[in-house]
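For reference, the structure discussed in these notes is given below.
Side chains are part of it too, since the values below use all heavy atoms of this structure and drop only hydrogens, waters and symmetry mates. In this text the structure is predicted, and so the values were computed from the model without any measurement.
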Amino acid sequence: MSKTIQKVEGITKESTQEMIDKVLAVYPEKGRKKRSPHLAPNDPESGSACVKSNKKTVPGVMSARGCAYAGAKGVVWGPIRDMVHVSHGPVGCGWYSWGTRRNLMSGTLGVDQFAMQFTSDFQEKDIVYGGDKKLKQLLVETKELFPLAKGISVLSECPVGLIGDDINAVAKQSAKDLDIPIIPCNCEGFRGVSQSLGHHISNDTIRDYIIETREFPEPVGPYDIALIGEYNIGGDAWSTKPLLEECGFNVKSVWTGDGELEKIAATHQVKLNVIHCYRSMNYMCKVMEEKYGIPWIELNFFGPTKIKQSLRKLAELFDDTIKEKVEAVIAKYDPQMQAVIEEVRPRLEGKKVMLYVGGLRPRHTIGAYEDLGMICVGSGYEFAHTDDYDRTAPEMPDATVVYDDASELELEEFAKELKPDLVASGIKEKYVFQKMGLPFRQMHSWDYSGPYHGYKGFPIFARDIDMAINSPTWSLVKSPY
Amino acid sequence: MSKTIQKVEGITKESTQEMIDKVLAVYPEKGRKKRSPHLAPNDPESGSACVKSNKKTVPGVMSARGCAYAGAKGVVWGPIRDMVHVSHGPVGCGWYSWGTRRNLMSGTLGVDQFAMQFTSDFQEKDIVYGGDKKLKQLLVETKELFPLAKGISVLSECPVGLIGDDINAVAKQSAKDLDIPIIPCNCEGFRGVSQSLGHHISNDTIRDYIIETREFPEPVGPYDIALIGEYNIGGDAWSTKPLLEECGFNVKSVWTGDGELEKIAATHQVKLNVIHCYRSMNYMCKVMEEKYGIPWIELNFFGPTKIKQSLRKLAELFDDTIKEKVEAVIAKYDPQMQAVIEEVRPRLEGKKVMLYVGGLRPRHTIGAYEDLGMICVGSGYEFAHTDDYDRTAPEMPDATVVYDDASELELEEFAKELKPDLVASGIKEKYVFQKMGLPFRQMHSWDYSGPYHGYKGFPIFARDIDMAINSPTWSLVKSPY
Amino acid sequence: MANNLGLAVKPVTETPAEEIERVKEWINTEEYKELNFKREALVVAPPHACQPLGAELAAHAFEGSLPFVHGSQGCASYYRSTLNRHFREPAPAVSDSMTEDGAVFGGQNNLHEGLENAIALYKPKMVSIFTSCMPEIIGDDLSAFIKNARNKGIVPADMPVAYANTPSFNGSHVHGYDAMLLSILQSLTAGKKVEGRCTGKINLVPGFDANTGNFREYKRIFDAFGVPYTILGDISDVFDSPLDGTYRLYAGGTKLDDAADSINGKATINLGPFTAAKTYGWLKDNYAGKHASMPMPLGIAKTDAFLMKISELSGKPVPESLKAERGRAVDAMTDAHQYMHGKKFALYGDPDQLIGYVSFLLEMGAIPYYILCSKGSKKVEKEIQALLDSSAYGKQGKIYMGKDLWHMRSLIMTGPVDAIIGDTHGKFIARDANIPLFRFGFPIFDRVNLHRYPLIGYQGVINMVSAICNKFIEVVDETCEDRFFEMMR
Amino acid sequence: MANNLGLAVKPVTETPAEEIERVKEWINTEEYKELNFKREALVVAPPHACQPLGAELAAHAFEGSLPFVHGSQGCASYYRSTLNRHFREPAPAVSDSMTEDGAVFGGQNNLHEGLENAIALYKPKMVSIFTSCMPEIIGDDLSAFIKNARNKGIVPADMPVAYANTPSFNGSHVHGYDAMLLSILQSLTAGKKVEGRCTGKINLVPGFDANTGNFREYKRIFDAFGVPYTILGDISDVFDSPLDGTYRLYAGGTKLDDAADSINGKATINLGPFTAAKTYGWLKDNYAGKHASMPMPLGIAKTDAFLMKISELSGKPVPESLKAERGRAVDAMTDAHQYMHGKKFALYGDPDQLIGYVSFLLEMGAIPYYILCSKGSKKVEKEIQALLDSSAYGKQGKIYMGKDLWHMRSLIMTGPVDAIIGDTHGKFIARDANIPLFRFGFPIFDRVNLHRYPLIGYQGVINMVSAICNKFIEVVDETCEDRFFEMMR
């Protein structure tokens, strides 16, 4: 998916570095030294990361990062619909992550789908005397009140690790007693530097407790694949899964959007893992590759250009049946997508977007904006690693600014300098930029819209971007008096 | 339905007359002379009217009365659901009477039910050149756009009569041309002294254009009756009609609540006319009695006492089959009604109500209040005749005030003097009394509740009266500071 | 067979169910729409009332003014109950109860007797007389009748009596309001003009508007400016009076002295400009000070213009507090724009309000799709068209002048929209089309308190945004599949 | 069979549809309810958050105050996004990003480095520090850390630094608010008490309240009295700032000087009284002037009491304008009582708000049927019970302390009510029970602007009446048979 190096008028390595230096000047020396390696002009030619990443957040800088628990509960475990996910510890963590990620789910709440907040609601006495006994009791009650739950995840919050509880032992015993998978996940928020470790820990628990505990009753077929790192935000999986099926694949399981525990557990049987969000699930892809010899491929489902490239790249791994179907699918949808572009692009041509998100979006969405005629003038990740930035370099125009774990001040100053027509970031940033009069879309939650993935998603994405940038409300910002 | 003469503590002929004199003193001499015969203490023993009625309203007194058009459109014709009722003249009259009477209807609006406002929307040029031509065209358009309408009524507004249009000729010709009954109703608002003449004129047009134009296909049975003067306010007819049916009758037509033109047209075939609202439809009962020998009986469907009396009185006219059914019905519902009374009466015992309404309610509802333990301390009609007041005298306690076509000032002053716990009157009075801190129910429209008729209605009536009087909001009226 | 009336007797029939189904579908078709739009004589469900209703509203708007209907008492009952139902408040008004003999002898006797009684019973500070059909048809000479009444001593010499001809077969409630207001101002200001005198106040003429919240908002805005003002006329206390155990026959209204002195005002702003056109014409010729006629302040731009006009006329800057309110309203619009952007609306109502709603919708990126005015004019159409032309979101807008709600129904059933803005009378269409109706117009018979929430000004913008967007979200919440039922919206 | 993890391998199964249907019905039964109420360890869908969230709200409420989370940055992200979503506004706050090594070395280094950076980057006038779990577990000594920071010159000598221990395993957001507020006031007023000085102002402590409209309403009420006041602390401009092209990191809040001088106030009114109990306890001992603790002014009676208290403390009569507002609110209640009378409500939320809703509902003749507080207390229960006992409409009311929304679901599915009053989290129950949810609580994630409409005071009464009654009417309009679909309601 390489492409020619793009330039943006007025943006040079020097101008970008100057902009970076200007904001760094505000920092005290120590802070400046720490932040400096995380900010740099992009060098697409190098094809590799221009910034450092996955380091501790500098204290006091107003970071957008979450924690390991957030990565475990919000990202990996939470979307599995047929399990009860217990936020083990004080009430807050589960409360904040209750219904706030938009990983949509099928099923009936409290019956065979469990999107409520389950918590052990630690009190002072649980801190003093430990929470293991309470956990044991809680698991019994969960099984009793929610008999159709296929399993229970126990997601530790900070106090659990700090007071030395042994949830692993409790889970083991209770799983036996209750005859139901109970997965202890030591994802205390203080672990690691961001939600990223939460993903890793969760991947590890899938490896240790889930995978290969089930098998599909039907024989394995040549087109059996799994869709990994697809969380069904705003219904994304309900766009991508049918698309892959239309291309001739059997999508045996989705990790973990609208996910089902037993299908995830049987994923060791598929022929290929198709991964979308590399950051949060590459660990398990690698495990499955090593352990079961399952190859994996990274795709991009944003915007017709990337979708087309991705589908063809995927088809390359299969026979002509698939190749023909993929071409037929492209032939069917591409004109529809072009119609969308024709409608919207005249209103968006040349508009500049600045991205700051998590997961795969800071690089994966660039092509979709480009499909709309837009230019990416800055991008960065909340919790990425070097391999993410390596992959980002070729996607972004030359010398545009890259920021890792950006502080709000940095983003503000960059926006003031770059004057983007759109900022695409998270809820914590949204109203900051809107107050500045800058159009904004939440790109973690699709701003309560979606899906944005696949051919079903692109027209919605295009409509939303158009609406955000061209809403007449922006012309009202400046008072005439 | 006679009863022993009731007394109200503190109310004597003298006290009432004093109260009347006090308010009359405010009038200029001429006005006082005109109003004086319309205000008097009740004399139940006399069994006859103590006031004059059906006279011109005194100019300038803030009367609650409507006009002949209101009596025709709002009361008699409007509720017939399968006809188009054209308000012929300027836009207003039809607009004001559009959906404001709560005569509920079955059917689908614009298809086989026509509760919209149909108007010829007179303009200056229609006044100058006459509206007959427009009417003719309008009738064609009506037939074309509303093919399922069973007929069209043309209800004249004031200008029509004053400019000398001949709607009768137009109706006659168009009825022939379009092959559909078209009923011209010369109910200009300036005719007569109140809506009462509108009822009469409408009755006359039914006589002249409708009755005996249809016949029921099935043979006449011994229990075939018509329900006259039941307008289905808030669904009243959907309580009274099934009740009569439960008693063994075939209710062949209802005049005119949720009414059907052709069934009304075949009413000359029934064995008995049961009339509820005597005022608005006694004319046609008398016509049917004279012309077709159909007897009629006045009943009262408000409150279990009156309902019971009414049903037995009705049964008296029929054989044992009916008598047994009526007793069975009473035995079934009476205990339910007593349960309602037991629940509500302790909260209403001894409460005083002042009535000022139209039609049959100023006398017919008294028994229902009494069922709840309440006392009527004043009553009067907007547009009654002497026969109404004759019928009222025995229902009201001795010496309580009777007012005919009361002015707002009179009502206000009487309320200040009598301090009723409830005023039951119309929308124009409602907020006046509420501002005085007096509980109030609209008793033309059941205050957007209902039904109030029959056994189905009484529990709702009881609940509403209880709610109105005992709403805790009344205790908030006086500020503590 | 013929009956004894000489009419043919047929059997009672039932319309076959299939026939009903057929027509049910037919009335939703293009074919029906075309037929429907061919109507020339029949008017079905027009959303406007007649002149005297508006006249009564104007008559209520002045201190101690008793609305007096010269005509049948039935007319008065209709006007009063309309106002009762809309405001859920008293609407005290009298009539002189003309009947048949009026047609023969004219209405002078009724008028005189009525005035005598009304003044004795209801002790007004002024009487505001307007006409219903009968006297208009028979040609009563109100001017002469009232002169005679004065001569006969029926009306105290110092009691102002205004009178307006408000024929129901011409214009709508809006025109009646204009006529009555004009007469009231003429009668109150007669002889009050003092050369060189300036009250220092700005007169505001909002025209027919049955939203008491709007009036309170105008006052709050002037107070924020610290600019003295006189509203001509002010219904806010009249139709939003306290419930405290005392019934006030005259619960508020513009003080008569203020109204009289308004002729010596510093400036006069007419909002509308269709709603009080005649009055404004006269004011411009007769009132001291500067004059301005401008649209109702609905939406941001029109509110900006209003505030800047106050600023210009008063010489005071727009206060910071209002500027902050502006920012908060724009904030609310921006935060919610995604719930309205691209949504199609059908609108109907009085001309000036329609112009305001169109302006507001365009500011939100919403599409005013059908704009219907049952008593519009070429001028109104031109004004709305100009607005539509000013925005990309106005391109699809179609204007229907002189059409009614039965036309609107055909439009919506054949070319759907997302919502309707109108008054209570649109609820049947809204139900048939299964879309929300936003009750911003008059009358509102089926909701409580809506007239207490201003639609004008920046606060009005927030109120409209809230009502519309929250309803759209609610519809999603109530109608989506389980799997799309979400915590956040 | 066992896999290479040593775990048994079973086939992938599908839950049979009948089984799903069975459980679907079962969870709505009395049997399930009983089982559900037997829970001792598991908590499902509790409608309260943890202390630091409340602390952040308090920390935002003062001019130039930067909320500073001593703990993991993930915690800060959670608190901030909750406030972002509720207000649709920025919520700038920092954390000192403690990680594993904090457990070993304590959090002083993080705190110091964080303060240094935060002060340089975000230039606060004060820093308001509160804790999430980690430092609470490891026992960081904030007091010492901050002293050290001052000694090391990390914090300017004249910059106030407040700090509160807000353990998440204790109390709820309400208690965190209380703790932070107390610390802010202690730190701002330290050394500011001047014998004999009186600011002449009334201090108002509204406690945890995420309705900016309420705060504006408090201010409007004091202004109407003409009584000077200081609100401790004032979030109204912070979370309802204009969109005008300028981002303000600190958009409002109680002025620090005013807060400092509040210790010399004429009087202090604590509203709640559960929401800021500790703060009030300290204020009573340390602040000059008179003190009063009273319920939130929700409903007429509690607003009356509030106004009379202001009147008593200020020596000024309740202004006529507010008395008229009272009358208008009572008018609105009376006009609409029939739409609420006898309707059953399920309520949940914070104690003080629950007390207010119960009081308001009883005034309307509505029935507070289930009253649930997931962090209640015997004292709260007693207070609510006393209210219920005071009215015939309270007889059926049942109070549930320490229960959650999964309990509430069982209650409602087995014993129906007409509506729920709560926050967004109740929407799933409302959907299952097919009844309206009135979002009067916190947070509101799925509607716009609701936090801009006051619920307190007389205007709040009108807003609650309007929201509730119009929704009930709407439900009738939307669900009735055609033959009961009417123009008037």
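Heavy atoms closer than 4.5 Å to chain A are found in both the backbone and the side chain of D:L35. Proximity to chain A is limited to the side chain of D:L249, based on heavy atoms less than 4.5 angstrom apart. Contacts between D:A45 and chain A at a heavy-atom distance below 4.5 Å involve backbone atoms as well as side-chain atoms. Residue D:T13 touches chain A through both its backbone and its side chain, counting heavy-atom pairs closer than 4.5 Å. Within the 4.5 angstrom heavy-atom criterion, no atom of D:L111 approaches chain A. Heavy-atom distances place the side chain of D:D101, and not its backbone, under 4.5 Å from chain A. With a threshold of 4.5 angstrom between heavy atoms, A:L409 approaches chain D through its backbone and through its side chain. Residue D:K123 touches chain A through its side chain alone, counting heavy-atom pairs closer than 4.5 Å. With a 4.5 Å cut-off on non-hydrogen atoms, D:P52 does not touch chain A at all. In this structure, chain A has no heavy atom under 4.5 Å from any part of D:L115.
Counting heavy-atom pairs under 4.5 Å between each of D:G102, D:P167, D:G171, D:A93 and chain A puts D:A93 at the top. Note on D:D244, D:N170, D:T82: by heavy-atom pairs under 4.5 Å with chain A, the leading option is D:D244.
At distances below 3.5 Å, not a single donor-acceptor pair connects side-chain atoms of A:E124 with backbone N or O atoms of D:F169. Side chain of A:E141 to main chain of D:L42: a donor-acceptor pair is present (N/O by atom type, distance under 3.5 Å, no hydrogens or angles). No side-chain donor-acceptor contact under 3.5 Å links A:Q195 to the backbone of D:G74.
Not counting sequence neighbours, the partners of D:K10 by the side chain to side chain contact (heavy atoms under 4.5 Å, CB included) test are A:D179, A:R214.
Aromatic ring pairs are classed by plane angle as parallel below 30°, tilted from 30° to 60° and perpendicular above 60°; the pair A:Y96 and D:Y78 is parallel.
Of the charged side-chain nitrogens involved, none lies within less than 4.0 Å of a carboxylate oxygen, so that A:E144 and D:R39 do not count as a salt-bridged pair. Between D:E113 and A:K56, no side-chain nitrogen of the basic residue sits less than 4.0 Å from a carboxylate oxygen of the acidic one, so the salt-bridge criterion is not met.
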task: Test A:S407 against D:Y122 for side chain to side chain contact (heavy atoms under 4.5 Å, CB included), laying out the working first.
output: CA-CA 11 Å; A:S407 70; D:Y122 303 110; 3.8 Å; yes
